[in-house]
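In what follows, a single structure is set out as structure tokens and then discussed.
The chain is numbered in sequence order, starting from 1.
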Amino acid sequence: QVQLVESGGGLVQAGGSLRLSCAASGRAFSINEMGWYRQAPGKERELVATVSSGGSTNYADSVKGRFTISRDNGRDTVYLQMNSLKPEDTAVYYCNVHTITIATLRYLEVWGQGTLVTVSS
């Protein structure tokens, strides 16, 4: 089993920065893609950024140039550095990890509990 623990959310003024962290724990699994999604009130959950096992990144157009996703494979942790935050970035941010169990090579998609990011004007 894989568990994800998110941290780093909070309240920040527009133009400020936050860094989100998501640490995966467990045994007998490997991690492929890691990413961040967000869901604002009244809106559907949307992709923010992903990073592959090889380090390739993908960003939503709305955050490109402001957010940076990175990962530390040794710690099974993915980060989201958020700069130049806007009120539109206010949402619950969810960590997402694609895992493969070692024994069966079964694909599992795991979600974090979510962390609230609030950007004030």
I'd like to know if the side chain of [X] and the backbone of [Y] have a donor-acceptor N/O pair within less than 3.5 Å.
| X | Y | value |
| --- | --- | --- |
| Thr104 | Thr101 | no |
| Arg66 | Ser84 | yes |
| Thr99 | Leu108 | yes |
| Ser53 | Asn32 | no |
| Thr77 | Arg75 | yes |

Verify same cluster id: Val92, Met82 (apolar side-chain graph, 4.5 Å):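 Different hydrophobic clusters.
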Kindly compute the distance separating [atom1] ([X]) from [atom2] ([Y]), expressed to the nearest 0.5 Å.
| X | Y | atom1 | atom2 | answer |
| --- | --- | --- | --- | --- |
| Ser120 | Lys86 | OG | NZ | 15.5 Å |
| Cys95 | Leu20 | SG | CG | 9.5 Å |
| Glu44 | Arg38 | CD | CZ | 14.0 Å |

Enclosure of Gln13 CD (heavy-atom neighbours >12, cutoff 6.0 Å):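 At most 12 heavy atoms, drawn from other residues, nucleotides or ligands, come within 6.0 Å of this atom.
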Minimum heavy-atom distance Val2-Ala24, with the two atoms named: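 The pair with the smallest heavy-atom distance is CG1-CB, 4.2 Å.
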Atom of Ser17, atom of Asn83 and distance for their closest heavy-atom approach: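 The pair with the smallest heavy-atom distance is OG-OD1, 2.8 Å.
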Is [Y] close to [X] at the side-chain level, that is, under 4.5 Å between some pair of heavy atoms?
| X | Y | answer |
| --- | --- | --- |
| Asp72 | Tyr79 | yes |
| Leu18 | Gln81 | no |
| Glu46 | Gln39 | no |
| Val119 | Val117 | yes |
| Val48 | Leu80 | yes |
| Met34 | Ser70 | no |

Audit row: Leu4, Val97, side chain to side chain contact (heavy atoms under 4.5 Å, CB included) steps and yes/no: CA-CA 8 Å; Leu4 304 179; Val97 176; 3.6 Å; yes
Check against side chain to side chain contact (heavy atoms under 4.5 Å, CB included), Ser30 and Ile102: CA-CA 7 Å; Ser30 64; Ile102 300 299; 4.1 Å; yes
Arg71/Asp76 ion pair, N-O < 4.0 Å: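 Here Arg71 does not pair with Asp76 in a salt bridge, since their nearest N and O are not under 4.0 Å apart.
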Test applied, side-chain contact (heavy atoms from CB on, under 4.5 Å); reference residue, Trp36; option that passes from Ile69, Val51, Thr50, Asn96: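 One option only clears the test, and that one is Ile69.
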Candidate pair Leu47 and Asn58, rule side chain to side chain contact (heavy atoms under 4.5 Å, CB included), full reasoning: CA-CA 9 Å; Leu47 183 146; Asn58 181 49; 4.1 Å; yes
Sequence neighbours excluded, every pair satisfying ring pair (Phe, Tyr, Trp, His ring centres under 6.0 Å) that has a member inside residues 90-121: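 Found Tyr37-Trp111, His98-Tyr107.
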